[in-house]
Amino acid sequence: MSLSIWLGALEQGLLWGAMVLGVYITFRVLNYADLTIDGSFTLGAAVATRLIFAGGNPWLATFLAVCAGAVAGLITGLLHTKLKIAPLLSGILVMIALYSINLRIMGQANLSLLRSDTIFTWMRHIHAGNAGPSLLGLAAVLLVSAGLYLFLQTELGMALRATGDNEQMIRSLGVNTDGTKLIGLAMGNALVAFSGGMVAQYQGFADIGMGIGMIIAGLASVIIGEALVGTLTLIRCLLAAVTGSIIYRAVIALVLQLGMPSTDLKLLTALIVIIALALPLFRERLGLKARRRERGEQIAQAERGNQSF
Amino acid sequence: MNRLLRLNGVTKVFNPGGVNERIALRDISLHLAPGDVVAVIGSNGAGKSTLLNVVAGVYEIDTGIISLDGSPVQALPEHARAAQIGRVFQDPLLGTAASMTIEENLAMALRRGRRRGLRRGVSAGERELFREQLSLLGLGLEGRLSARVGLLSGGQRQALTVLMATIAAPKLLLLDEHTAALDPRTARTVLELTEKIIARHGLTTLMVTHNLEQALTVGNRTIMMHEGRIVLNLTEPERSNMHVSDLLLKFEQISGNTLDNDRMLLTARG
């Protein structure tokens with residue numbers, strides 16, 4: 001396989017990295033299965049593309065995409081905390097609502113950025129060459145990871161982690177868990193929209209369907225990364241999300257190269273997640289069986305020893 | 001009179017009007033003086049845990065007044081009341097965050113009731129305090145500040161929870177059968193530890209227990225609940241002359257029933 005394909009996977013892994021970190025925040029830290037993500041990824045892309053299309057500054061457009069994502073997360077959080085709608089349903093509701101909103105923002109199902117100035121053309125101006133997208137992606141991922149690393153160790157960040165770990169406990173220590181959930185969901189979706197905004201500029205268009213299955217792609221990345229890097233420390237967790245994102249894009253690049261039709265990708269992703277989720281169960285069952293057999297043989301052997309007496 | 005905790009005419013009904021309606025608390029009035037340590041006993045479903053939960057703010061009450069240190073708190077949500085109330089649950093897993101370290105758990109407990117901002121979650125000075133406080137537990141945890149709490153045993157976690165519930169010096173401590181899920185030896189250790197900490201801070205305490213022996217030896221008062229009412233209020237010196245058998249007899253006289261708390265009977269016979 002050619003180097004350019006791997007370089008492409010690296011670029012994509014880094015650009016989608018912020019999305020995976022967003023999924024890490026909601027799914028892992030906050031322990032909240034947030035499906036808003038499918039909608040907020042496209043929302044970020046729609047906002048950034050629309051503004052750039054209208055001649056806006058691409059950096060400002062990307063920033064506003066982040067803000068839009070945060071608002072989407074807040075709304076999901078408000079549905080859950082104030083209206084007491086179940087987490088899963090709150091996310092689905094906002095995701096569906098965002099479909100219409102995204103179409104309104106874009107004005108059409110597909111909006112192209114041909115010949116518009118994006119953050120990537122800006123990178124070309126500063127002579128970053130072919131490494132432009134990778135450098136920008138790396139900068140984004142480093143910035144976000146460093147920010148998360150610092151934040152999750154502050155008083156508020158710790159309250160957020162505790163909300164995902166043991167809500168009853170942190171409430172009994174005087175934390176309003178509605179508030180920490182809102183913050184976590186806003187942060188997670190802001191990161192997802194950030195990624196969406198960058199990806200749209202990278203590929204040169206926003207598409208209404210580009211967020212479909214994003215939650216599963218994010219989850220697959222997180223799981224792959226955790227299996228490879230581990231979760232022992234906070235740094236490892238963050239590194240796992242980014243590594244997972246890159247490996248996931250490499251796997252996708254590989255199967256496409258091997259001739260899999262791109263329309264089958266979502267099926268593949270779903271299978272990866274199913275296998276990854278089921279793996280611990282199988283391992284446990286196999287281990288249990290082996291242990292039982294071992295113990296059974298021990299007992300049988302001891303019995304035989306007695307009989308020979 | 002100076003009262004730290006005052007419940008007046010507190011009633012709590014679950015599922016009012018429905019087929020599953022259950023009156024958990026009936027017109028409860030209970031006053032605790034500062035430093036009072038009150039053991040709460042009663043059969044299953046007597047309302048012991050509900051009593052603790054309405055004080056902590058987990059459930060809203062239907063009628064009545066709850067005031068803490070002179071100010072009414074019945075309208076405050078749980079997290080707002082938590083500034084002044086430390087709690088330890090029966091399940092050792094409920095009192096700590098397993099994926100976080102010992103020092104992080106303690107640091108969160110130390111900030112009980114304070115605004116949490118973007119300052120560092122654990123400071124160097126606090127680590128010193130934690131080491132000192134943990135060494136008082138005598139479990140060797142002072143050398144494991146950065147170990148995840150999930151690695152600790154149930155007894156260690158419960159001892160840590162007791163420390164977390166009291167480290168920010170709350171006005172009131174609520175213990176909900178906090179030694180019931182531990183093996184007898186560990187339960188004894190955790191209880192001794194709890195008594196030591198209560199004595200050190202002079203904490204006003206409500207302690208639900210199923211152990212009648214405990215109910216007569218820990219603290220200075222014993223109340224018995226039955227069907228949502230407080231049916232017996234034992235104070236010193238009367239309490240010191242009571243035995244477990246007297247307590248059982250009292251219960252049968254008052255309720256016309258035998259005590260049907262399985263665990264309580266087990267410990268009463270043993």
Side-chain angles (χ1 to χ4, degrees), chain A residues 24-32 77 81-82 84 144 146-184 186-187 222 226 229-238 240-241 280, chain B residues 52-53 56-58 76-89 91-101 103-123 126 146-151 157 160-161 164-168 170 173-174 176:
Chain A
Y24 167 72
I25 288 290
T26 51
F27 250 87
R28 282 290 191 256
V29 176
L30 202 56
N31 195 17
Y32 188 110
T81 56
K82 300 303 167 203
K84 310 285 174 207
V144 170
L148 286 179
Y149 178 72
L150 292 175
F151 172 73
L152 289 175
Q153 291 182 86
T154 62
E155 296 169 344
L156 193 61
M158 273 171 30
L160 187 81
R161 283 156 65 199
T163 304
D165 185 306
N166 188 341
E167 196 178 339
Q168 183 175 2
M169 165 258 187
I170 194 65
R171 221 183 303 127
S172 81
L173 292 179
V175 169
N176 179 358
T177 50
D178 284 0
T180 48
K181 282 181 191 173
L182 287 174
I183 291 170
M187 275 176 49
V222 169
E226 285 178 347
V229 181
T231 57
L232 217 53
T233 58
L234 190 53
I235 290 191
R236 269 175 182 254
C237 287
L238 296 168
Chain B
L52 258 55
N53 280 328
V58 178
L76 294 179
E78 182 186 354
H79 63 86
R81 286 190 223 182
Q84 310 180 55
I85 301 178
R87 293 180 72 192
V88 184
F89 309 102
D91 183 349
L93 304 184
L94 284 184
T96 43
S99 68
M100 300 176 74
T101 63
E103 63 179 21
E104 285 173 335
N105 273 278
L106 283 166
M108 292 191 290
L110 193 60
R111 284 163 182 73
R112 170 188 298 283
R114 279 196 258 154
R115 248 187 72 83
R116 284 161 216 252
L118 296 176
R119 283 179 302 263
R120 274 199 85 78
V122 191
S123 73
E126 286 166 2
S146 51
R148 286 193 191 191
V149 168
L151 299 171
R157 280 182 82 161
L160 180 63
T161 310
M164 285 169 61
T166 52
I167 196 163
L173 179 63
L174 302 177
D176 193 352

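Letters go in sequence order (proteins before strands), and every chain restarts at 1.
The two atoms that bring A/Ala162 and B/Met108 nearest to each other are CB-SD, 3.5 Å, heavy atoms only. The shortest non-hydrogen separation linking A/Glu226 to A/Ala240 is N-CB, 3.7 Å.
Counting heavy-atom pairs under 4.5 Å between each of B/Arg87, B/Arg81, B/Arg148 and chain A puts B/Arg148 at the top. Counting heavy-atom pairs closer than 4.5 Å to chain A, the top-ranked of the candidates B/Ala83, B/Gly113, B/Ala98, B/Pro170 is B/Ala98. Per-residue counts of heavy-atom pairs under 4.5 Å with chain B were compared for A/Gln153, A/Glu167, A/Met169, A/Glu155; the largest is that of A/Glu155. Chain B forms more heavy-atom pairs under 4.5 Å with one residue of A/Thr231, A/Leu152, A/Val175 than with any other, namely A/Val175. Contact count versus chain B (heavy atoms, under 4.5 Å) is highest, among A/Leu156, A/Asn176, A/Thr177, for A/Asn176. Interface summary for chain A: among B/Ala97, B/Pro77, B/Gly57, the most heavy-atom pairs under 4.5 angstrom belong to B/Ala97.
Using a 4.5 Å cut-off between heavy atoms, B/Ile85 touches chain A through its backbone atoms (N, CA, C, O) alone. Neither the backbone nor the side chain of A/Thr180 comes within contact range of chain B; no heavy atom of the residue lies under 4.5 Å from a heavy atom of that chain. Contacts between A/Leu234 and chain B at a heavy-atom distance below 4.5 Å are absent for every atom of the residue. At a 4.5 Å heavy-atom cutoff, the contact between B/Ala109 and chain A is made by backbone and side-chain atoms alike. For chain A, the nearby part of B/Arg115 is the backbone; its heavy atoms alone come within less than 4.5 Å.
Of the N and O atoms on the side chains of A/Asn166 and A/Arg171, not one donor lies less than 3.5 Å from an acceptor on the other residue.
Not a single donor-acceptor pair under 3.5 Å links the side chain of B/Arg114 to the backbone N or O of A/Gly174.
Taken from OG1 in B/Thr96 to CZ in B/Phe89, the straight-line distance is 10.5 Å, to the nearest 0.5 Å. Put simply, CD on B/Glu126 and CG on B/Leu106 are 10.0 Å apart, with the number rounded to the nearest 0.5 Å. Atoms CG and CZ, on A/Leu160 and B/Arg116 in that order, are 12.0 Å from each other to the nearest 0.5 Å.
The closest side-chain heavy-atom distance from A/Leu182 to A/Thr81 is below 4.5 Å.
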